Amino acid sequence: MSSAARLEAPGALPAREPARGARAWVGYELARALRPRRAAALYALALLPALAVGLLGWVARLHGAEAGAMMSPGFYASLFELELKTVIFLGCAWLFIQLVRGELTGRTLHYAWLAPVRRSRLGWGKYLAGELAALAIFAGGTLLSRLLLLWLRGQPLLAAPALRSLFGYAGAAALACLGYGAVFFLFGACFRQALFPALAFYGWEQINFLLPSWLQRCSMIYYLHALRPGALPQHAWGFVPPPISIAAAAAWLLALSGVLAGLAVRRFARLEIYYGGEE
Amino acid sequence: MPTPAPIRPPAGDAPLIRLESVSRFYGDVLGVNRISLEIGAGITSLIGPNGAGKSTLLNLIAGLIRPTRGRITVLGHDPGDAEALFSQLGFCTQYDSFPAGARGREWVRQNLRLHGYRRADAEALAERALARVGMTEAAGRRLESYSKGMRQRIRLAQILAYEPRLLILDEPLNGLDPLARSEMAALFRALAGEGRGLLISSHILHELEALSDRVILLRDGYLAGEGGIAAVREDIREHDLQWLIRCPRPARLAALGLEARAGDGRPLCNQVRIFDRPEPALLLATAAPAAFFLALNDWIARGEIEVETVTPADDNLDAVYRYLVEEEPA
C-alpha cells in the first residue's frame, strides 16, 4: 500500500521512529553546514594551504628549480603548523560557534526545539554534523595540499611513506577539528558574544610555546603537536614541551573533546528561547 | 478533500493544559505571575494588550522557556519532555523567521522527517497539509518570497502535517486579508470539530469572539479573567453589563431595577437611561445579570411590566476586552 493510499484511510498516521528523526536532524544540519552560501568562506580558508603549495611550486618551476629541492622537508611541517593554528582554528571557530549562535540570531532554533527529538540528541546531532562538515572541509583541505606537494616533488603517491604521511597529517587535522570543534561549540552554547573567548583562546594557543611545560598541557595545540608526522618548527626561545606519545596525545584529545562537547550539549539542551535574551 | 486523522479524545475530562501557579520573571521584569489555568478541547482564546504576557504564557506551555515558579502539564507531559510531547503538540510561534534559502514544501517535509517519518510518508503528509491551508501551488517557492499571510499558512501547514491533538497559535490571523482570515477561521473551527484543542492568541477580537469556546484575559502578566465570554463578564463584578430592554413603560422598569437588591445586598441596577424614541426602551447597567433576570421574570409574571425584547448592549469580547485590559474610559 502506498503512503498516499495509507493516508486516505481515516485512521492513524504512518509509523514514525524517533531514531529516524535524530538521523534526519544530523543530515539536515550537515547539509546546512556544507551549503555553499553558508560555507563559502570555510571552503576558501581550507583551500589556502593547497593554494600556497601550488603557488610555491609554480614559482619554483618559473625559476627552473626543482620543486622538491626548493621545498625542504620542513616546509610542509611549517605550513601544517600554520594550518592548525590558523586555518583549522579559525574555520572551526566560525563553523561551531555558528551552529548555535547562528540559529539564535536567525531566530530559527525554536523549530528544532518543537520537534519530538530529545534536546540532548539535538545537541549531539549538531556537534556530530559540525564535525563531519569540519572533517570534510579541513581534513580534506589538508589531504589536498599534501597530495599536491607530493605530486610536485614527484613522489609516488601510493608508496608507503607517502601514504603514512598523508594519513598522519589528515589524522592530526581530523583530531584538531574534533578538539577545536568541541571548544567552540561550548563557547557558542555559553556566550552570546563568543568572539571574545575565542580570541582569548587563540592567543593562548599561539603563545603556548612560551608557557611553562605544565601549562602547555592545558591547550589543544600541545597534543596536536605530538600527533603531527613532521618535525616541530623550532622557536628561538620558549620552553621545550614535555614529550608525550602519539597514543596518549590522541587519547587525551579524544577525552578532552568528549568532555567539552558533553558540557556544550548539556548547556545547549538547557537553552531557553526568547531571542535576544536567551539564557 | 483531505481526510484528517481522528483525534483520540482526552482521557476522561482531563484538561489538555494545566498551569499551577505559574510565574515567569525575566530578571526583575515580570512575564506572567501566579497563573493557574486548565484548558480543554475546543477553541480557547488568549487576549490581552501588548506586553500582557500572552507570548510568554504560550512559550511556557510549549517549553521554549521554563517557569520561575509553578508547574505546567501539557497533554499529561512536562513541556520539557520533547520526545513525548511534540508529536501531539503543534506550536506556531510569534517568530516570523525561517532557515535561509528553504522552500515551503521542502521545509514542511523536513520537519516531518524530524518527527521520524519515512521520506515517502513525509511527502504525502506534507502535501495533505499544504492542500489544507491552500499552499500547494506556492509551496515550491522560497520562503523569503512569501507574503506575511503565506508565511502564516506555511507555518500552520508545518504543524498540521503531523496532526497534533493540541495546536497553540500565536497571532495566527495577523497579516491575513479578510478572505484569508475567514478561511483560516473556518479551518480552526474544523480542527476544533475534529476534537483538537486550539489555544489562539490574537488582538483581532471580533474574529476570536465568533470562534472561541472560552476566553483567557491577561493584563500586565496577571490573569484578568477566564471562562465563556458571558461568564468572564459575570466574574468581573466591578464592571457593569449593559442591556437594552424595549418595553412600553421603561420608567417603571427603571424604578423597579433601582429599588431591587441582589442576594448580597447590591443594587440590581447601577445606571439606567430611558429612551422614548425611536421606541420606548431602557438601557440599564447591572453588575449581577443573573439576579437581575430572575427579578425581571418575576416582574413580568406578576404583570408589573411588559417586555418586548432584551438585547445585550455589550456582551461581546470587545466590550469585555475594553473593560478588562484597556484603560477605563474617562
Side-chain angles (χ1 to χ4, degrees), chain A residues 1-29 31-32 35-38 98 102-123 125 269-279, chain B residues 2-6 8 24 26-27 29 31 55-56 59-60 62-66 80-102 107 109-125 127-128 155 158-159 161-163 168:
Chain A
M1 185 187 268
S2 74
S3 299
R6 261 204 313 275
L7 293 179
E8 284 305 315
L13 288 159
R16 58 178 206 93
E17 188 189 307
R20 199 186 291 137
R23 285 197 300 275
W25 171 246
V26 176
Y28 172 70
E29 283 291 307
R32 280 215 310 168
R35 194 170 291 158
R37 216 165 82 171
R38 181 166 160 155
Q98 280 299 306
E103 293 242 48
L104 291 172
T105 52
R107 298 183 169 222
T108 52
L109 187 58
H110 62 279
Y111 292 120
W113 244 228
L114 297 172
V117 181
R118 220 175 293 158
R119 285 169 189 170
S120 57
R121 281 190 186 176
L122 291 175
R270 293 184 61 78
L271 275 178
E272 290 195 312
I273 297 178
Y274 52 106
Y275 298 114
E278 67 284 341
E279 290 180 338
Chain B
T3 310
R8 280 180 290 130
R24 168 70 201 205
Y26 300 98
V29 180
S55 292
T56 294
N59 289 344
L60 280 165
L64 293 185
I65 54 176
R66 289 182 291 277
D81 186 358
E83 215 165 46
L85 182 59
F86 290 112
S87 56
Q88 304 177 72
L89 166 67
F91 180 25
C92 277
T93 67
Q94 62 176 326
Y95 306 119
D96 190 24
S97 49
F98 298 94
W107 186 69
R109 284 179 186 171
Q110 174 55 41
N111 188 58
L112 287 163
R113 299 277 292 139
L114 214 55
H115 277 245
Y117 290 107
R118 285 176 209 282
R119 194 176 297 277
D121 291 333
E123 283 172 14
L125 287 170
E127 290 310 316
R128 188 169 74 184
R155 285 191 303 186
Q158 191 215 18
I159 63 168
Y162 55 91
E163 308 215 340
I168 301 177

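Sequence lines set the chain letters: A, B, ... in the order given, protein chains first and strands last, and positions in each chain run from 1. Computed from a predicted model, the values in this text were never measured in an experiment.
- Checking side-chain atoms of B/Thr56 against main-chain N and O of B/Gly31 turns up no donor-acceptor pair under 3.5 Å.
- With a 4.5 Å cut-off on side-chain heavy atoms, B/Arg118 and A/Pro14 do not count as touching.
- Rounding to the nearest 0.5 Å places CD1 of A/Ile273 at 7.5 Å from CG of A/Leu114.
- Heavy atoms of B/Ala84 lying under 4.5 Å from chain A are absent altogether.
- Under the ring-ring contact (aromatic ring centres under 6.0 Å, His included) criterion, A/Tyr111 pairs with B/Trp107, not counting sequence neighbours.
- With a threshold of 4.5 angstrom between heavy atoms, A/Arg121 approaches chain B through side-chain atoms but not through N, CA, C or O.
- If you tally non-hydrogen atom pairs under 4.5 Å between each of B/Ile159, B/Thr93, B/Asn59 and chain A, the highest count goes to B/Thr93.
- Looking at A/Arg32, the atoms closer than 4.5 Å to chain B (heavy atoms on both sides) all sit in the side chain, from C-beta outward.
- Residue contact with chain A, scored on non-hydrogen atoms closer than 4.5 Å, involves the backbone and the side chain of B/Glu83 alike.
- In terms of heavy-atom pairs under 4.5 angstrom with chain B, the leader among A/Ala115, A/Gly102, A/Ala112, A/Ala24 is A/Ala115.
- With chain A as the partner, the residue from B/Leu114, B/Asp96, B/Leu112 showing the most heavy-atom pairs under 4.5 Å is B/Leu114.
- Of the two parts of B/Arg155, only the side chain, counted from C-beta on, holds a non-hydrogen atom closer than 4.5 Å to a non-hydrogen atom of chain A.
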Test salt bridge (Lys or Arg N to Asp or Glu O under 4.0 Å) applied to B/Glu123 and B/Arg113, step by step: CA-CA 9 Å; B/Glu123 283 172 14; B/Arg113 299 277 292 139; over 6 Å; no
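- Residues satisfying the ring-ring contact (aromatic ring centres under 6.0 Å, His included) test with B/Tyr162, not counting sequence neighbours, are B/His115.
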